[in-house]
Number of protein chains: 2
Amino acid sequence: MLNERTEKVLFAIVESFINTNEPVGSRFITKTYSFNLSPATIRNIMADLEEFGFLAQPHTSAGRVPTDRGYRFYVDCLSRYHEAEDAFLESFISRLEATREDLNGLLEGSARTLSEHSRYLGLAAPMKSGRTTLNRIELFSYRADYIAVVLLTDEGPIKHKIIRAGQRLSPKTLRRISDYLNQEFSGYTVDEIRLKLIKEMSREKALCDILITKAVEICREALTFPPGEIYVCGFSDFIGLPDFSSRIREIAGAIEDKHFMLKLLEQVGAEVEGPSVLIGSENPAKEMKDLSLVVSTYKQGGKIAGSIGVIGPTRMDYSRAIAMVQTAARFITEALSR
Amino acid sequence: MLNERTEKVLFAIVESFINTNEPVGSRFITKTYSFNLSPATIRNIMADLEEFGFLAQPHTSAGRVPTDRGYRFYVDCLSRYHEAEDAFLESFISRLEATREDLNGLLEGSARTLSEHSRYLGLAAPMKSGRTTLNRIELFSYRADYIAVVLLTDEGPIKHKIIRAGQRLSPKTLRRISDYLNQEFSGYTVDEIRLKLIKEMSREKALCDILITKAVEICREALTFPPGEIYVCGFSDFIGLPDFSSRIREIAGAIEDKHFMLKLLEQVGAEVEGPSVLIGSENPAKEMKDLSLVVSTYKQGGKIAGSIGVIGPTRMDYSRAIAMVQTAARFITEALSR
DNA sequence: TTTAGCACTCTCGATGCATGAGTGCTAAAA
DNA sequence: TTTTAGCACTCATGCATCGAGAGTGCTAAA
């Protein structure tokens with residue numbers, strides 16, 4: 001559909017726009033790149049590219065600006081001949097290393113590193129809690145009639161919750177309850193446990209064992225998680241980008257909404273292996289219509305354990321962003337598997 | 001210094017500016033309030049107020065705008081004859097009630113309620129972790145050579161941390177270590193424990209008890225907390241306020257910096273009882289120079305346990321804000337003491 | 001097929017001008 | 001002595017105009 005020369009020009013235009021954030025004109029291209037073509041020729045090519053929907057003009061007599069389709073072409077090109085600037089990645093990785101020792105902070109640290117190096121928004125989130133595997137569950141009595149439930153998951157992050165017991169339970173009872181829960185449920189994912197709980201409830205009725213009833217009850221309540229964690233870093237740099245200004249409010253709202261962000265990450269990263277890129281209107285949510293998203297999943301024990309990525313303006317530096325997200329994902333995967 | 005009429009005019013001007021966010025002129029005042037004075041008289045009064053530093057003019061022929069000193073006067077007036085609109089507070093309190101059941105989410109819920117009702121930034125933070133009282137400490141082995149430490153505090157929030165043990169410890173050893181730690185340290189504040197640890201370290205050397213050595217080591221590491229929690233809600237509404245636009249970047253940066261915010265809350269709320277108000281340049285930090293802060297502390301068991309408040313533009317609705325912060329603080333205090 | 005040349009379009013910044021809101025001052029009224 | 005009416009003055013704002021500059025599309029020549 002496009003000959004090689006046309007592709008090169010398109011690539012150059014997208015690249016220029018990413019760097020300058022100004023509509024790029026025909027003369028600029030001839031000066032900056034050595035195609036050995038006159039501006040007039042470039043103009044002809046540009047007209048073609050506009051016709052095909054890769055470029056757009058903000059107004060007559062302005063230069064051209066990439067459309068989402070233009071970016072898409074650019075990104076697809078990148079993945080071919082892109083090995084990323086090693087020198088840069090070096091510093092990025094060494095910064096990531098700092099987060100390794102602290103399993104708690106691994107995700108947050110990665111998100112922060114990502115945002116600091118890209119100046120976009122850094123994101124990290126473990127998979128929907130339903131898929132995490134329960135490693136251990138512990139119960140302590142707390143205050144008069146509360147129970148503190150601590151869930152250790154295989155994926156690293158601990159979750160805790162304080163729930164109301166309704167009555168005072170002796171340490172011994174608690175221990176027996178937690179022993180029972182551990183024996184029954186550890187090693188299963190939260191989703192599986194939910195299923196088992198339902199079965200358990202019918203069996204329990206037959207047994208009429210008050211201890212088990214209590215245990216099941218506690219477990220049920222402990223598994224109703226709050227929104228779920230997500231780490232979002234780099235807000236201030238991101239919000240200061242000249243690209244939005246007008247829509248700041250709306251965008252800030254979307255970013256602040258953790259449910260929204262989690263859903264987004266989940267939808268995008270769910271099944272794909274490497275980093276995937278969503279450009280502008282390719283995004284499922286309209287709040288994101290002039291933002292782009294680069295996400296990758298990380299794994300643990302062969303299973304997808306969560307996702308990590310960046311959000312930037314559509315004219316983001318995809319080359320770097322992709323390299324960074326990929327590196328970060330590999331890094332986390334590796335850190336988790338030690 | 002100011003006669004009663006002058007004070008009333010000043011009050012009216014500040015109030016008008018808070019409502020309209022426009023420099024207020026003499027005619028506007030005569031129309032809106034019934035002082036039965038001509039614009040000319042109001043102008044004279046305004047000139048006096050400007051001379052005293054309560055008002056300022058953005059430029060000749062603009063109306064007057066309150067200075068920080070003007071706001072200060074206004075706020076001091078408020079505290080005299082202000083009981084707040086009960087109808088509004090009613091809905092606020094009922095919204096707060098929803099957060100009561102969940103001790104985990106109490107602070108976050110309050111911050112969110114605060115921000116939703118004020119449209120400013122809602123803040124909540126427990127006191128510097130040094131002052132929290134350790135209720136219980138629990139250890140589990142996790143993975144090969146990690147230990148998950150769970151600290152239950154009297155104040156409600158649980159803290160957890162995963163630390164590297166350096167070697168595999170049997171459940172039995174762990175239990176003995178945690179028994180020892182609980183026996184020695186529960187009931188003390190984190191600061192006190194740090195002190196005790198130092199003493200312990202010298203004693204331990206004498207005893208040469210490898211178990212105690214290990215215990216002390218673990219405890220030391222577990223007590224080095226990350227930044228500390230702070231809940232900040234309502235970013236998007238706040239950032240959308242017309243007052244900043246230009247300084248968004250700087251302000252967003254300050255807000256995102258948790259260390260900064262914690263320090264701010266601590267400095268301000270530290271010792272005072274009721275809600276305290278810092279207006280514009282009264283703030284210790286220059287990033288906050290055209291923001292105002294309304295903070296109050298909440299208590300638990302008679303001790304100050306943390307602070308809660310809102311941040312808004314200097315022209316914020318102080319009357320409402322103060323009432324809300326006060327109510328929220330009382331609410332939390334009450335919820336914690338049940 | 002490429003390119004030079006040219007007319008055309010549109011943005012952007014500067015300039016000038018009228019308008020209106022608001023002030024300060026002065027002198028008269030209360 | 002205090003209040004007010006009147007008036008001259010200031011300044012931001014909006015609007016229209018204008019020229020410069022950047023960039024385009026088209027045509028005709030290379």
Side-chain angles (χ1 to χ4, degrees), chain A residues 1-10 12-17 19-67 70 242-243 245-246, chain B residues 1-10 12-17 19-67 70 242-243 245-246:
Chain A
M1 167 169 171
L2 300 180
N3 63 43
E4 194 184 325
R5 196 183 64 178
T6 313
E7 289 193 349
K8 276 191 178 153
V9 172
L10 175 52
I13 292 172
V14 177
E15 194 171 79
S16 301
F17 185 74
N19 290 329
T20 63
N21 197 20
E22 300 288 334
V24 1
S26 53
R27 257 193 66 192
F28 181 85
I29 289 295
T30 58
K31 275 191 192 163
T32 318
Y33 299 81
S34 25
F35 288 117
N36 291 323
L37 290 175
S38 76
T41 314
I42 300 289
R43 279 205 286 283
N44 287 331
I45 299 176
M46 281 171 151
D48 292 348
L49 286 170
E50 181 164 359
E51 198 176 336
F52 285 132
F54 291 104
L55 297 178
Q57 257 182 313
H59 56 87
T60 357
S61 97
R64 300 304 210 289
V65 161
T67 59
D243 306 62
S245 70
S246 60
Chain B
M1 170 168 167
L2 301 180
N3 64 44
E4 193 184 324
R5 196 184 64 180
T6 313
E7 289 193 349
K8 274 190 179 153
V9 171
L10 175 52
I13 293 172
V14 178
E15 192 171 82
S16 301
F17 185 73
N19 289 331
T20 64
N21 197 21
E22 301 287 336
V24 2
S26 53
R27 257 191 67 192
F28 181 84
I29 290 295
T30 58
K31 275 191 191 161
T32 319
Y33 298 80
S34 23
F35 288 116
N36 291 322
L37 291 175
S38 76
T41 313
I42 300 288
R43 279 204 287 282
N44 287 331
I45 299 176
M46 281 171 153
D48 292 346
L49 286 169
E50 182 165 358
E51 197 177 335
F52 284 131
F54 291 104
L55 297 178
Q57 257 182 313
H59 56 85
T60 357
S61 98
R64 299 304 208 291
V65 161
T67 60
D243 305 63
S245 68
S246 60

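By convention in this document, chain letters (A, B, ...) are assigned in the order of the sequence lines, proteins followed by strands, and residues within each chain are numbered from 1. Values below: all heavy atoms of this structure, side chains included; hydrogens, waters and symmetry mates excluded.
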Starting from P on D:dC26, measure out to CG on A:D48 and report it in whole angstrom.
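It is 12 Å, rounded to the nearest whole Å.
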
On DNA chain D, check which nucleotide each of A:S26 and B:N36 is closest to and give me the residue with the more 5' one.
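Upstream on the strand: B:N36.
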
Kindly indicate whether the side chain of A:R5, heavy atoms from C-beta on, has any atom under 4.5 Å from the side chain of A:I45.
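A side-chain contact exists here, since the closest heavy-atom pair is under 4.5 Å.
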
How close or far is atom P of C:dA21 from atom CE of B:M46, stated in whole angstroms?
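Roughly 16 Å, once rounded to whole Å.
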
Just compare C:dT3, D:dT4, D:dT24 and give me whichever is closest to any side-chain atom of B:A40.
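So the side chain of B:A40 is nearest to D:dT4.
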
Does A:R5 place a side-chain N or O at less than 4.0 Å from the phosphate oxygens OP1/OP2 of C:dT1?
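Negative; the distance criterion is not met.
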
Would you kindly give the CG-to-P distance between A:L49 and D:dG25, to the nearest whole Å?
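In whole Å, D:dG25 P and A:L49 CG are 12 Å from each other.
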
Looking only at heavy atoms, which two atoms of B:R27 and B:P39 are closest? And how far apart?
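Nearest pair, atom of B:R27 first, then B:P39: CG-CG, 3.7 Å.
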
Taking B:A56's backbone N and O only, do any of them form a donor-acceptor pair with B:T67's side chain (distance below 3.5 Å, no angle check)?
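No; judged by distance alone, with no hydrogens or angles, the pair does not exist.
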
The side chain of A:S38 lies closest to which of these nucleotides: C:dA4, D:dG25, C:dG22?
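Nearest nucleotide to the side chain: C:dA4.
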
Could you tell me how far apart A:R43 (CZ) and C:dC8 (P) are, to the nearest whole angstrom?
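Taking CZ of A:R43 and P of C:dC8, I get 16 Å after rounding.
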
Roughly how many Å is it from CD1 in B:I29 to C1' in C:dG22, rounded to a whole number?
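So the CD1-C1' distance, B:I29 to C:dG22, works out to 13 Å.
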
When the distance from CZ of B:R27 to P of D:dT4 is rounded to whole Å, what number comes out?
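After rounding, the reported distance stands at 15 Å.
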
Nucleotide of D:dT3, C:dT9, D:dT24 approaching B:T41 most closely (side-chain heavy atoms)
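Shortest atom-to-atom distance from the side chain points to D:dT3.
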
Below the 4.0 Å mark, does D:dG25 have OP1 or OP2 next to a side-chain nitrogen or oxygen of A:R64?
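Yes, because at least one side-chain N or O of A:R64 sits under 4.0 Å from OP1 or OP2 of D:dG25.
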
Paired nucleotide for D:dA8 [Watson-Crick or G-U wobble; both distances under 3.5 Å]:
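When the pairing criteria are applied, C:dT23 turns out to be the nucleotide that pairs with D:dA8.
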
Rounding to an integer number of Å, can you tell me how far B:I42 CD1 sits from D:dT2 C1'?
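Atom CD1 in B:I42 sits about 14 Å away from atom C1' in D:dT2.
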
Which of these, B:T30, B:T41, B:I29, sits in a side chain to side chain contact (heavy atoms under 4.5 Å, CB included) with B:F35?
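Filter result, single survivor: B:I29.
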
In the strands shown, is D:dA29 matched to any nucleotide by a Watson-Crick or G-U wobble pair with both distances under 3.5 Å, and which?
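Per the H-bond distance test, C:dT2.
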
Across the strands shown, which category fits A:T60 at heavy-atom distances under 4.0 angstrom: base, sugar-phosphate, nothing?
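If one applies the 4.0 Å heavy-atom cut-off, A:T60 turns out to touch the sugar-phosphate alone, with no base involved.
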
Check the distance between C:dG22's C1' and B:Q57's CD and give it to me in whole angstrom.
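It works out to 8 Å between those atoms.
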
Between A:G70 and A:V14, which heavy-atom pair has the shortest distance, and what is it?
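Heavy atoms only, the tightest pair is O-CG2, 4.0 Å.
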
Assigned partner base of C:dA18, Watson-Crick or wobble definition, under 3.5 Å
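Paired with D:dT13.
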
